[in-house]
Amino acid sequence: MERVHYDVGDIVRMKKKHPCGSDEWRLTRVGMDFGMRCQGCDHFVMIPRVKFEKMCRAIVKKAEESASGEASQDRNIGKI
């Protein structure tokens, strides 16, 4: 089975709903642990990658690459 690639800023749908009623979360951290912020009530949680991958149903919206973010990275390349 192919591993799904998650990025910071992606909005994902989880299997269980949060007590506020929302099942969509924005990813704020990706790695061994995932940081997620509820789209309904703005509650923040961190869960291990293994648990996240079992509970995640789908990526609702991918994070958008902004042109301004890429430009700011280019300016910082030559600086030490």
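- The aromatic rings of Trp25 and His18 sit perpendicular, their planes meeting at an angle over 60°, well past the 30° parallel limit.
- When all heavy atoms of His5 and Ile59 are compared, the pair lying nearest together is O-CD1, 4.0 Å.
- Closest of all the heavy-atom pairs between Tyr6 and Val30 is O-CG1, 3.7 Å.
- Annotation for Gly40 and Cys20: closest pair CA-SG, 4.1 Å, computed over non-hydrogen atoms.
- Legend: residues meeting salt bridge (Lys or Arg N to Asp or Glu O under 4.0 Å) with Arg49, ordered by chain and number and at least two apart, are Glu53.
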As a quick check of understanding, evaluate side-chain contact (heavy atoms from CB on, under 4.5 Å) for Phe34 and Val12, giving each step before the final call.
CA-CA 12 Å; Phe34 277 63; Val12 296; over 6 Å; no

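- Put simply, CD1 on Ile47 and CE on Met55 are 7.5 Å apart, with the number rounded to the nearest 0.5 Å.
- One hydrophobic cluster, built from ILVMFWY side chains closer than 4.5 Å, holds both Val8 and Phe52.
- Listed by first and then second residue, the salt bridge (Lys or Arg N to Asp or Glu O under 4.0 Å) pairs that reach into residues 24-34 are Arg13-Glu24, sequence neighbours excluded.
- Within the 4.5 Å cutoff, side-chain heavy atoms of Cys56 are placed close to those of Met14.
- Lys15 places a side-chain N or O within donor-acceptor distance of the main-chain N or O of Lys54, the cut-off being under 3.5 Å.
- When all heavy atoms of Ile11 and Gln39 are compared, the closest pair comes out as CD1-NE2, 3.9 Å.
- Chaining together hydrophobic side chains whose heavy atoms lie under 4.5 Å apart places Met46 alongside Phe44.
- For Lys62, the NZ atom is densely surrounded, since the number of other residues' heavy atoms within 6.0 Å is greater than 12.
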